[in-house]
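Since the structure comes first, as structure tokens, the remarks are kept for the end.
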Amino acid sequence: MSLLDELKWRGMIQDIMPGTAEQLAKEMTAGYIGFDPTADSLHIGSLVPILLLVHLQRAGHRPIALVGGATGMVGDPSGKSEERNLLDEQTLQHNLKGIRIQLEKYLDFGSSSPNAALMVNNYDWFREIHFLDFIRDVGKHITVNYMMAKDSVKKRLEGSGGMSFTEFSYQLVQGYDFYWLYKNRQCRLQMGGSDQWGNITTGAELIRRKEGGEAFAFTCPLLTKSDGGKFGKTEKGNIWLDPRKTSPYQFYQFWLNAADEDAAKWIRIFTFLSRGEIEDLIRQQEKNPAERIIQKTLARELTIFIHGQAEYESALETTAKLFSASGSMETLSEEDLHAMEGIVKSAFSRNRLQAGVDVISFLADTGILPSKGEARKMIQNGGVRINRGKIEDVQFQVDSHLLLHDKYILVQKGKKNFYLVEAG
RNA sequence: GGGCAAGUAGUCAAGUGGCCAACGACAACAGACUGUAAAUCUGUUCUCUUCGGAGUUCGGUGGUUCGAAUCCAUCCUUGCCCA
């Protein structure tokens, strides 16, 4: 199966330029994707582009990961209804470094293989370019009419927020990236999210007009959730790839909690399982949806891919212990509790516990809930459990006899948010 | 520089002198039901609280008034039109 056919049945192709398939069949092709340095870690929204590069490399082509040191200074207006804040250079450098380290984990940059991945920073070439040169050599080839016809621009012109010249120019800047890579790295292909289509075609247009060259592109659909929510966001914010920002346990839980409909879609996109294996899983899911076989497989594959086997196993173990219906608190050993990586831990004074303290102060002081008022409301709503027992009374006293192994108290806020309080 | 319009909670958006911590929608969180789903129903969502209340809000500042999101002045920001 060709790369494009493979990506197609996985549901990873939205738009594609004619001739792309022929180009990929003809020779080893270098293809690039740009990553936005708006944070010092990639989050799961960037996972699809990463996987596109991985697929590209597996099919024997050369992936190029571009980090946007220059474009990050301008700000991509695509999908944004308002003008963006610009990043200062120091933050930018910090973010670039973090992203670089992560990308190195998923792509093979070993220089020995003929299709080793490349990493480039577009600031390296933009640093040298002067404004006048740019508007003469690049701006001359693209008409304003062409630029205004882009969706990302049109929407902003129709909206009430306006658009600065800076953001308007963005597509030219990104377009130039493609041109530069075409000229200097023999890059013939650009990929990205479908929101990038406008920027990508500007690049291809530039290559055509300036060099008479041919460039290709395809985009993948932007992920949505079946309930219309934003993909990759939870109540705790983004799901990051960096284990210091999102623990492997939380990462595992995110995928495990996918809606059935989403899980079936996502498992094709995010795992490398074969078509047969996936269809098999879907059949099993239909037979017994409560088993959530797809979610479990999805969570397993991804946690291993991002964090490794060991982290997956400990996330799975923590999950089993926290959620197993039969497991009473007594079955949790001290080691079990201690090893629960990823659930939030906080400390509480042992002396105060011995004296006894009301739940409300306890919840507020451990930071599990932000204030006493909220702690009270949450208890009245029935949303707090201590050592698995629901707290019904706001007067409830917390004291040292609740300590498990004379050391820990397990607090639940809602069904899925666990906190381990350690007496110290 | 001139004319017009707008700025209200996470977002959208009502409110045009007291009944306003501010209708509603969305979103989010929690509960029930379930499969750690979805859908549905219920509660909560400015901050703090000893649950009695208290404090700070409607772009900023100043004013009128017993009383201002609401009236006036001024400044800031944004959009549209003209130069």
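Only a predicted model underlies this, so the values are computations on that prediction, with no experimental measurement involved. A, B, ... follow the sequence lines: proteins, then strands. Residue 1 opens every chain.
A/Gln295 comes within 4.0 angstrom of a nucleotide base, judged by non-hydrogen atoms across all strands. Within the nucleic acid shown, A/Gly373 comes within 4.0 Å of at least one base atom, counting heavy atoms only. A/Lys296 comes within contact range of no nucleotide atom at all, as no heavy-atom separation falls under 4.0 Å. Among the heavy atoms of the strands, none lies under 4.0 Å from A/Leu322. A/Gln253 comes within contact range of at least one nucleobase, with a heavy-atom separation under 4.0 Å.
On the C1' atoms, B/U44 is 15 Å away from B/A21, given to the nearest whole Å. Using atom C1' as the reference point in both B/A28 and B/A9, the two lie 14 Å apart (nearest Å). Annotation: B/C20 and B/C46 have their C1' atoms spaced 13 Å apart (nearest Å). Here, B/G15 and B/A83 have their C1' atoms 38 Å apart, quoted to the whole Å. If you take atom C1' in B/G62 and the same atom in B/G52, they sit 37 Å apart, rounded to whole Å. Across B/C58 and B/U11, the matching P atoms stand 15 Å from one another, rounded to whole Å. B/U42 and B/G55 are spaced 30 Å apart, taking the C1' atom of each and rounding to whole Å. Comparing B/G24 with B/U77, their P atoms are spaced 35 Å from each other, to the whole Å.
Contact check, A/Ser371 against B/U49: a side-chain N or O comes under 4.0 Å of OP1 or OP2. OP1 or OP2 of B/A32 lies within a sub-4.0 Å distance of a side-chain N or O belonging to A/Lys390. An OP1 or OP2 oxygen of B/C29 is reached within less than 4.0 angstrom by no side-chain nitrogen or oxygen of A/Asn417.
Look at CD on A/Gln380: it is 13 Å from P on B/U49, rounded to the nearest Å. What separates CD1 of A/Ile391 from P of B/A30 is a distance of 17 Å, to the nearest Å. Put simply, CD1 on A/Ile360 is 7 Å from P on B/U50, counting in whole angstrom units. Taking atom CG of A/Leu369 as the reference point, atom P of B/U47 lies 13 Å away to the nearest angstrom. A/Ile368 places its CD1 atom 16 Å from the C1' atom of B/C29, with the value rounded to the nearest Å. In this structure, the CE atom of A/Met378 is 15 Å from the P atom of B/A28, given to the nearest Å. One atom, OH of A/Tyr252, and another, P of B/U36, lie 12 Å apart when rounded to the nearest Å. Distance A/Leu256 CG to B/U36 C1': 7 Å, rounded to the nearest Å.
Inspection of the A/Ser194 and A/Asp15 side chains reveals no N or O donor paired with an N or O acceptor under 3.5 Å. A donor-acceptor pair shorter than 3.5 Å can be found between the side chains of A/Glu211 and A/Tyr179. One side chain, A/Trp125 or A/Asp177, offers a donor N or O that lies under 3.5 Å from an acceptor on the other. A/Gln171 and A/Thr202 share a donor-acceptor pair across their side chains, judged by distance under 3.5 Å alone.
Residue A/Arg292 places its side chain closer to B/G35 than to any other of B/G35, B/A38, B/U50. Here the side chain of A/Arg376 is nearest to one of B/C51, B/U36, B/U49, namely B/C51. Nearest nucleotide to the A/Lys415 side chain, out of B/U34, B/U50, B/A30: B/U34. Considering only the side chain of A/Arg385, B/A32 comes nearest among B/A32, B/U36, B/A37. Minimum atom distance to the side chain of A/Pro289 is reached by B/G35, of the listed B/A32, B/G35, B/A30. Side chain of A/Glu374, nearest nucleotide from B/U36, B/U47, B/G35: B/U47.
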Can I get a per-line list of side-chain donor-acceptor pairs under 3.5 Å for residues 355-366 of chain A, giving both atom names and the distance, sequence neighbours left out?
from     : atom 1 : to       : atom 2 : distance (Å)
A/Asp358 : OD1    : A/Ser361 : OG     : 2.8
A/Asp358 : OD2    : A/Ser361 : N      : 3.2
A/Asp358 : OD2    : A/Ser361 : OG     : 3.0
A/Asp365 : OD2    : A/Arg352 : NH1    : 3.1
A/Asp365 : OD2    : A/Arg352 : NH2    : 3.1
A/Thr366 : OG1    : A/Phe362 : O      : 2.8
A/Thr366 : OG1    : A/Leu363 : O      : 3.1

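Taking A/Phe216 as the reference, nothing meets the ring pair (Phe, Tyr, Trp, His ring centres under 6.0 Å) condition, with sequence neighbours excluded. With sequence neighbours excluded, the residues satisfying side chain to side chain donor-acceptor pair (under 3.5 Å) with A/Gln102 are A/Ser41. The side chain to side chain donor-acceptor pair (under 3.5 Å) check on A/Gln90 picks up nothing, with sequence neighbours excluded.
Salt bridge annotation for A/Arg275-A/Glu6: absent, with no cationic side-chain nitrogen under 4.0 angstrom from a carboxylate oxygen. A salt bridge links A/Asp124 to A/Arg127: at least one charged side-chain nitrogen sits closer than 4.0 Å to a carboxylate oxygen.
Remark: side-chain polar atoms of A/Arg10 are paired, donor with acceptor, to backbone N or O of A/Arg268 under 3.5 angstrom.
The glycosidic torsion of B/G67 lies more than 90° away from 0, placing the base in the anti range.
Each of A/Lys413 and A/Asn257 has a nearest nucleotide on RNA chain B; the 5'-most of these lies closest to A/Lys413. Both A/Gly382 and A/Lys372 lie close to RNA chain B; mapped to their nearest nucleotides by heavy-atom distance, the more 5′-ward contact belongs to A/Gly382.
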ask   = For RNA chain B, what dot-bracket results from Watson-Crick or G-U pairs at under 3.5 Å, with [ ] for crossers and | for inter-strand partners?
value = ((((((((.[[[..)..(.....]]]((((((.......))))))(((....)))...[[[[[..)....]]]]]))))))).
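Enclosure of atom CZ in A/Arg244 is not indicated, since only 12 or fewer non-hydrogen atoms of other residues, nucleotides or ligands lie within 6.0 angstrom.
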note = With B for base contact, S for sugar-phosphate-only contact and - for none (protein heavy atoms under 4.0 Å), nucleotides 40-45 of chain B reads ---B--
